[in-house]
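First the proteins, then the strands, lettered A, B, ... as listed; each starts at 1.
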Number of protein chains: 2
Amino acid sequence: MSRISRREFVKSTSTVAVGAAILPVGLLRGSLKSERVRIGVIGTGLRGQWHIQLALRRRDVEISAICDIDEGMIGMALKVYQEAGRKKPAIYRKGPEDYLNMVEREDLDGIIIATPWEWHAPMALAAMEAGMHVGVEVPAALTVEDCWNLVDTSERTGKFCMILENVCYRRDVMAVLNMVRKRLFGELLHCQCGYQHDLRHVKFNDGKQPYGGGVEFGEKGFSEARWRTNHSVNRNGDLYPTHGAGPVSTMLDINRGNRFVHLTSTATQTRGLHKYIVDQAGEDHPNAGIKFKLGDVVTTVIKCAGGQTVVVSHDTNSPRPYSLNFRVQGTKGLWMVDNDSIYMEGISPEEHRWEPAAPYLEKYDHPLWKRFEGQAAGAGHGGMDFFIVRAFLESVRRDAPPPIDVYDAVSMSVISPLSEQSIASGSSSVKFPDFTRGKWETNGPIFALADDI
Amino acid sequence: MSRISRREFVKSTSTVAVGAAILPVGLLRGSLKSERVRIGVIGTGLRGQWHIQLALRRRDVEISAICDIDEGMIGMALKVYQEAGRKKPAIYRKGPEDYLNMVEREDLDGIIIATPWEWHAPMALAAMEAGMHVGVEVPAALTVEDCWNLVDTSERTGKFCMILENVCYRRDVMAVLNMVRKRLFGELLHCQCGYQHDLRHVKFNDGKQPYGGGVEFGEKGFSEARWRTNHSVNRNGDLYPTHGAGPVSTMLDINRGNRFVHLTSTATQTRGLHKYIVDQAGEDHPNAGIKFKLGDVVTTVIKCAGGQTVVVSHDTNSPRPYSLNFRVQGTKGLWMVDNDSIYMEGISPEEHRWEPAAPYLEKYDHPLWKRFEGQAAGAGHGGMDFFIVRAFLESVRRDAPPPIDVYDAVSMSVISPLSEQSIASGSSSVKFPDFTRGKWETNGPIFALADDI
């Protein structure tokens with residue numbers, strides 16, 4: 001595969017003004033380089049299986065290798081191949097380091113990583129070193145050091161590291177992005193977002209089904225409960241910031257004219273997970289003795305170079321309706337997701353009164369959604385999974401920079417370790433590293449500029 | 001007037017458990033000491049006139065002295081007396097220090113202060129020194145030093161300093177307080193609140209009417225624009241935290257088993273006020289050259305001794321619907337005002353789904369509201385002004401501690417200077433002084449424990 005160089009690309013896009021109008025298809029992207037892309041998938045749990053299923057819908061994509069340590073999950077993934085009528089892949093299943101053999105031996109254009117969080121960065125690094133582009137599930141890394149490793153390795157190898165932050169493609173979020181770029185909110189001032197999702201039935205199950213039915217986790221848990229819950233035992237911070245910070249980053253032009261400068265995080269006391277165990281299984285259950293470190297609600301406030309502020313909530317241990325907490329506010333008006341409302345000065349019929357967001361979201365439906373609505377229907381999470389997988393595959397196929405790149409991957413993922421640091425030091429203000437090394441000042445936006453990717 | 005001592009009172013209430021059931025009328029209060037209370041009002045602007053009108057409804061209250069420097073406002077206040085068919089008061093109008101003559105010469109039981117913010121603390125201090133109880137408009141003080149002065153003076157003189165934070169008495173807020181005390185939300189974890197109110201038409205007017213019609217302020221402005229706007233020119237912080245922090249303080253038992261420990265504040269860029277001037281009056285208007293210091297949205301996060309967190313928003317320079325941003329969340333469920341919804345684990349009919357708050361707010365309507373609904377109707381701000389004025393007058397009449405005391409006044413007011421300090425130092429974490437000097441650990445709740453005050 002030949003390819004246009006990343007640096008040339010960055011240079012060519014850097015002249016695009018922030019908030020520029022939507023550009024015609026293909027202007028910013030390389031031309032198509034390959035008729036068939038060869039992909040490997042590391043991590044064939046429920047999320048990985050879903051990626052496989054979406055990718056195998058395309059005849060121009062071959063997933064020729066998969067890797068996992070769980071034979072049950074491998075078996076489920078192979079069923080996806082069978083149902084899709086596709087050739088069985090090479091399987092790497094010999095222990096937690098076998099992915100290294102996969103990226104060394106296989107001839108692949110790109111790797112999708114859908115493993116437990118702690119494996120994301122080492123696997124992404126190994127894949128890039130082996131000459132493969134990376135699509136990594138969220139978060140891309142858990143430490144500041146690994147964020148830098150991802151950036152350095154991507155820059156040195158010329159391989160991209162795209163974070164598979166699907167909420168960037170949520171339909172309402174993209175309509176609002178469209179409105180932001182048309183300056184309908186004026187100059188942006190303040191955004192809110194977060195991950196407010198009662199995950200107690202995800203963090204605990206009966207070891208047989210993925211959701212609920214028991215209070216087991218770790219060795220005795222199944223699916224995410226096997227590994228995800230341990231982060232709640234051992235860490236206090238915003239463990240899962242990207243579903244909120246990703247979409248907001250595209251609106252605020254983070255890494256492209258703007259950047260996150262500092263944050264503070266503050267956590268509540270820790271009650272929900274222990275209470276759930278006791279409520280479900282009684283005080284005598286061995287897990288009732290576990291001390292969880294994660295505060296039930298973690299609030300992070302980010303300051304941007306452009307002056308804007310972002311509130312990111314993390315709230316996964318308590319009974320509550322699901323909400324990503326979006327609010328996007330500028331000098332002319334604001335959108336808020338929790339009441340499905342918009343207010344626009346001079347446009348909304350009554351002063352100081354909300355009006356329903358739906359007509360705006362329809363009117364400003366993003367060109368990408370208009371074009372792919374039919375194909376996205378039925379793909380996971382309201383269709384947004386279709387777009388994120390497609391964007392990754394198209395970027396690999398064209399050997400072109402992805403619409404969400406390594407700088408985005410790390411600037412949204414680094415919120416976790418920085419928030420842990422802030423909480424551990426009494427909510428002190430913690431600075432973001434500038435992972436672009438100054439290039440944020442001249443880089444132009446890359447996400448969803450047209451109806452392409 | 002004789003009275004029970006503050007300390008005896010504090011001691012006697014300190015044994016009441018946090019979250020205790022509502023107690024019968026009169027159990028916690030002193031018996032009635034006087035048939036007629038003599039009140040003075042400093043500041044007869046629109047707010048002061050309103051207090052006068054409410055107080056003069058009562059035949060057992062006499063407002064025998066008023067003080068202002070604005071003859072127009074004095075004239076409007078006198079009309080209120082006339083309409084109420086009440087005897088004209090003594091008037092102190094000889095310059096900004098004439099209130100000192102008033103508190104020295106007049107024989108008053110209590111003073112209501114409804115002047116520009118910067119005068120609240122000095123006037124409250126002078127009134128207490130002169131042996132009068134104080135009801136002071138929000139905020140009670142603008143500096144940490146003046147917060148301490150209020151505490152020290154109240155303790156030394158035995159005179160109370162009640163902050164007239166009316167939102168503590170808002171009907172939905174009190175119903176939720178009732179639910180909190182019945183432990184319906186479980187153990188509280190997280191609250192949100194704030195002052196989100198497009199004040200551009202308050203900060204600017206034509207010098208003749210209080211709301212809008214021009215872009216004048218300071219000397220050329222009328223009513224609040226005369227003095228309030230200058231705080232936006234000179235200060236960057238949460239200028240007006242008490243409408244949110246007051247109600248939340250009653251729910252979190254602040255100063256009574258709990259306290260605010262530290263905060264961080266982060267402000268956006270400053271755009272709205274300048275934009276308003278230019279939009280309304282053009283770039284050539286002299287006020288278009290004013291540099292405002294106040295960030296358009298200020299987000300403050302407070303950590304409590306009990307572990308809980310409170311997000312306080314301040315958002316007064318931008319077009320937006322009014323909202324005090326309330327959210328009250330515990331281990332069993334939460335209330336959110338912006339979507340008028342509640343979710344209660346095991347009670348709400350559908351898991352993970354909001355239900356309307358209204359039936360809960362009705363069911364748990366606070367006894368005070370049930371008792372005084374008829375009288376509160378027509379009083380300002382949805383009736384809550386009736387309660388705050390009544391609570392002050394009843395406390396004066398009985399010479400008994402008020403339901404919102406000097407510790408509450410300063411713990412909610414001090415958010416302003418602490419937030420300014422945090423913003424000025426890059427969102428550093430700033431500690432709250434313990435104004436109770438340790439008594440918060442043993443003090444019991446005092447606010448709205450029954451259907452009395």
Query - Cationic N near anionic O, under 4.0 Å, D338(A) to R320(A) - result: no
Report task. Identify which of T268(A), N339(A), V311(A) forms the greatest number of heavy-atom pairs closer than 4.5 Å to chain B. Result -> T268(A)
Do you know which of [options] has the most heavy-atom pairs under 4.5 Å to chain A?
options: S341(B), S429(B), P321(B); value: P321(B)
options: D296(B), N317(B), V298(B), I302(B); value: D296(B)
options: G333(B), G272(B), A267(B), S428(B); value: A267(B)

Query raised in the report: Quick one: side-chain contact (heavy atoms from CB on, under 4.5 Å) partners of S419(A), sequence neighbours excluded?
Result: D238(A), S265(A), T300(A)
Is [X] close to chain B through its backbone or its side chain, or both, or neither, when contacts mean heavy atoms under 4.5 Å?
X: D340(A); result: neither
X: M344(A); result: neither
X: L189(A); result: both
X: Q308(A); result: both
X: H274(A); result: neither
X: Q329(A); result: side chain
X: I342(A); result: neither

Query raised in the report: Hey, are the side chains of Y322(B) and H352(A) touching, using non-hydrogen atoms and a 4.5 Å cut-off?
Result: no
Query - Partners passing side-chain hydrogen bond (donor to acceptor under 3.5 Å, both in side chains) against S427(A) (at least two apart in sequence or in another chain) - result: T266(A)
Query raised in the report: Quick one: side-chain hydrogen bond (donor to acceptor under 3.5 Å, both in side chains) partners of K332(B), sequence neighbours excluded?
Result: none
Is there a donor-acceptor contact under 3.5 Å linking the side chains of [X] and [Y]?
X: K303(A); Y: T264(A); answer: no
X: K203(A); Y: S232(A); answer: yes
X: E355(A); Y: S348(A); answer: yes

Requested in this report: Could you walk me through whether M251(A) and V176(A) pass side chain to side chain contact (heavy atoms under 4.5 Å, CB included), step by step?
Outcome: CA-CA 8 Å; M251(A) 297 176 197; V176(A) 170; 4.0 Å; yes
Query raised in the report: Which heavy atom of F260(A) sits nearest a heavy atom of S249(A), and at what distance?
Result: CZ-OG, 3.5 Å
Query raised in the report: Under 4.5 Å, heavy atom to heavy atom, which residues of residues 190-199 of chain A contact chain B?
Result: H190(A), Q196(A), D198(A)
Report task. Taking the six-membered ring for Trp and the full ring for Phe, Tyr or His, determine whether the centres of Y240(A) and H243(A) are under 6.0 Å apart. Result -> yes
